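Quick note: numbers below take in every heavy atom, side chains included, and nothing from hydrogens, waters or symmetry partners. Not measured: the values here are computed from a predicted model. Below, read A as the first sequence line, B as the second, and so on, with proteins coming before strands; counting in each chain starts at 1.
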2 protein chains.
Amino acid sequence: MKHFSDLSPTAERIVDIAERLIQQRGFNGFSYEDIAGEIGIRKPSIHHHFASKESLALTVAQRYTDRLKQKLLAIEESQSSSPAQLAGYVELFDETYTEERRMCTFGMLGAECGTLSESIRFEIGRFFAVNLAWLAEVFGRGRIAGELSFSVSDKDQALIFLSALEGAMVVGKGMETASCPKQVGQAMIASLSAAASNAVASQPLTGSD
Amino acid sequence: MKHFSDLSPTAERIVDIAERLIQQRGFNGFSYEDIAGEIGIRKPSIHHHFASKESLALTVAQRYTDRLKQKLLAIEESQSSSPAQLAGYVELFDETYTEERRMCTFGMLGAECGTLSESIRFEIGRFFAVNLAWLAEVFGRGRIAGELSFSVSDKDQALIFLSALEGAMVVGKGMETASCPKQVGQAMIASLSAAASNAVASQPLTGSD
DNA sequence: GTCTATATAAAGATAGAC
DNA sequence: GTCTATCTTTATATAGAC
């Protein structure tokens, strides 16, 4: 298919359910039968829409990244300050987690990537790269504007931020906590902002490359 | 069994292999056949040592936490400063990741916990609790000694630190990066230490509870 | 697009011999 | 402790009718 708007209503339902199952149980933790049972049709009907489980997961993955990009643009348009943009970003993780304690689709797939095909591994790398590039930009702007202060490169700060949110979902699920990504995200933003108010010279030690 | 030293040589090999498979492929990503093939015995022989896959995973989990506790004690004994203790802690994650790009056993199980039994979920919660308690102590001592500076509670800082390292393994695997947990860990320690050198007043905003 | 029927393989597990 | 044989269930997938 060219794009996700080309998906038939049933295909879209399948993708919706598969996405949720990947987030809650992992790629190796659900089957076509689970999806069929939920929709009320039979397994072969799922195969009619997605010949293989891998192609289904690939569609889930591509749509997820596509939607993320849209949400990042929406954050940039609605929020002008860097701390507010970060808060919007944290909210994306929190919404996902709060909704039936789902993991980030790519947090789950990243953990499982030792069992996944090359085409899906490619999508995993692409998703994280999109996140890191966007975060590094936000951290760069925030640092220059004096809204955020940190002593590592923009790229390292982006990696810390993304990792902490992905990890917060894992730790939160493992500890059966209600709001882990939000707690971690807000604490990090508080740290970065508090440092900016105190800081005399908030130059990064290692540049912004 | 009372303790892990009671494991027969074959049982121990089984646990070793199961641990590695959980870390690399997840609980739902391997089978008794994988273990049997690697050891050179048959599936029923694995069942002789561990009647169910779940009981095997439980032993893997309990041994993993047991060993972690020992390693934390070793770090406390060999390192006196808080930044050095954190560096030792980061090294634990880095060693695991560097060894064939393994995940933390509980990072993987935490992500998959929607498919796991109550007894394993209990172990997941226990593991993270042990980590958070140890880290919060280290952060508290480091803050009081003026070696570390951060503007959230000791507990929140511990949660950020653990989450970031767990997440770094996920992101690192997903991006096929060589050294993600080390990079994230060292960057965080640098941040916390650099802040301590600059800080005028490094009181936590929200107390140390 | 959906169904029944079926193929094929793998999974977790047990019985009982050696 | 290990084996062969077997059970039972599930998974992914295909063929072909409606």
Side-chain angles (χ1 to χ4, degrees), chain A residues 1 4-22 24-61 108-109 112-121, chain B residues 1 4-22 24-61 108-109 112-121:
Chain A
M1 72 218 50
F4 313 107
S5 43
D6 297 347
L7 289 171
S8 73
T10 303
E12 195 167 8
R13 268 190 92 184
I14 293 169
V15 174
D16 289 343
I17 293 169
E19 180 179 284
R20 199 203 72 233
L21 289 170
I22 289 173
Q24 292 181 326
R25 307 177 56 89
F27 180 81
N28 298 313
F30 77 98
S31 74
Y32 270 31
E33 183 59 46
D34 296 320
I35 300 173
E38 216 166 305
I39 298 186
I41 58 180
R42 301 293 180 173
K43 269 197 291 181
S45 307
I46 313 290
H47 279 284
H48 169 77
H49 295 282
F50 296 95
S52 71
K53 195 182 178 185
E54 188 192 306
S55 70
L56 169 55
L58 193 61
T59 300
V60 169
M108 186 63 86
L109 294 178
E112 287 180 304
C113 85
T115 69
L116 303 174
S117 67
E118 166 57 30
S119 60
I120 295 189
R121 292 205 305 274
Chain B
M1 71 217 51
F4 313 107
S5 43
D6 298 345
L7 291 171
S8 73
T10 303
E12 194 166 10
R13 268 190 92 184
I14 293 169
V15 174
D16 289 343
I17 293 170
E19 179 179 285
R20 200 202 71 234
L21 288 171
I22 289 172
Q24 294 181 326
R25 308 177 55 90
F27 180 82
N28 297 313
F30 77 99
S31 74
Y32 270 31
E33 182 59 47
D34 296 320
I35 301 174
E38 216 168 304
I39 297 185
I41 59 181
R42 301 292 180 173
K43 266 196 295 180
S45 306
I46 313 291
H47 279 284
H48 170 77
H49 295 281
F50 297 94
S52 71
K53 195 182 178 185
E54 187 190 308
S55 71
L56 171 55
L58 193 61
T59 300
V60 168
M108 185 64 85
L109 294 178
E112 286 181 304
C113 84
T115 69
L116 302 173
S117 68
E118 167 56 30
S119 59
I120 296 189
R121 291 204 306 275

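Listed for the B:R121 side chain is a donor-acceptor partner under 3.5 Å among the backbone atoms of B:L116.
First and last contacting nucleotides of DNA chain C toward chain A (any atom under 4.0 angstrom from a heavy atom, 5' to 3' order): C:dG1 to C:dA5.
Between B:N28 atom CG and D:dT9 atom P the separation is 20 Å, expressed in whole Å. Here the P atom of nucleotide D:dT12 and the NZ atom of A:K53 are 4 Å apart, to the nearest Å. In this structure, A:K43 places its NZ atom 11 Å from C1' of D:dT9, rounding to the nearest Å. One interatomic measurement links the two molecules: CZ of B:R42 to C1' of D:dT6, which rounds to 15 Å at whole-angstrom precision.
Each of B:V60, B:D16, B:D34 was scored for a side chain to side chain contact (heavy atoms under 4.5 Å, CB included) with B:L21, with one residue passing: B:D34. Under the side chain to side chain contact (heavy atoms under 4.5 Å, CB included) rule, A:V15 has a single partner from A:L56, A:I35, A:T10, which is A:L56.
Within residues 29-36 of chain B, the residues that place at least one heavy atom under 4.0 Å from DNA chain C are, in residue-number order, B:F30, B:S31, B:Y32, B:E33.
Atom CE of B:M108 and atom CE of A:M108 lie 9.5 Å apart (nearest 0.5 Å). We find the CD-NE2 distance between A:E12 and A:H49 to be 12.0 Å, quoted to the nearest 0.5 Å.
With B:F27 as the aromatic partner, B:K53 meets the cation-pi criteria of under 6.0 angstrom to the ring centre and within 45 degrees of the ring axis.
Contact check on B:R20 versus B:E38 returns a salt bridge, with a Lys/Arg side-chain nitrogen under 4.0 Å from an Asp/Glu carboxylate oxygen.
Using a 4.5 Å heavy-atom threshold, the side chains of A:E112 and A:T115 count as touching.
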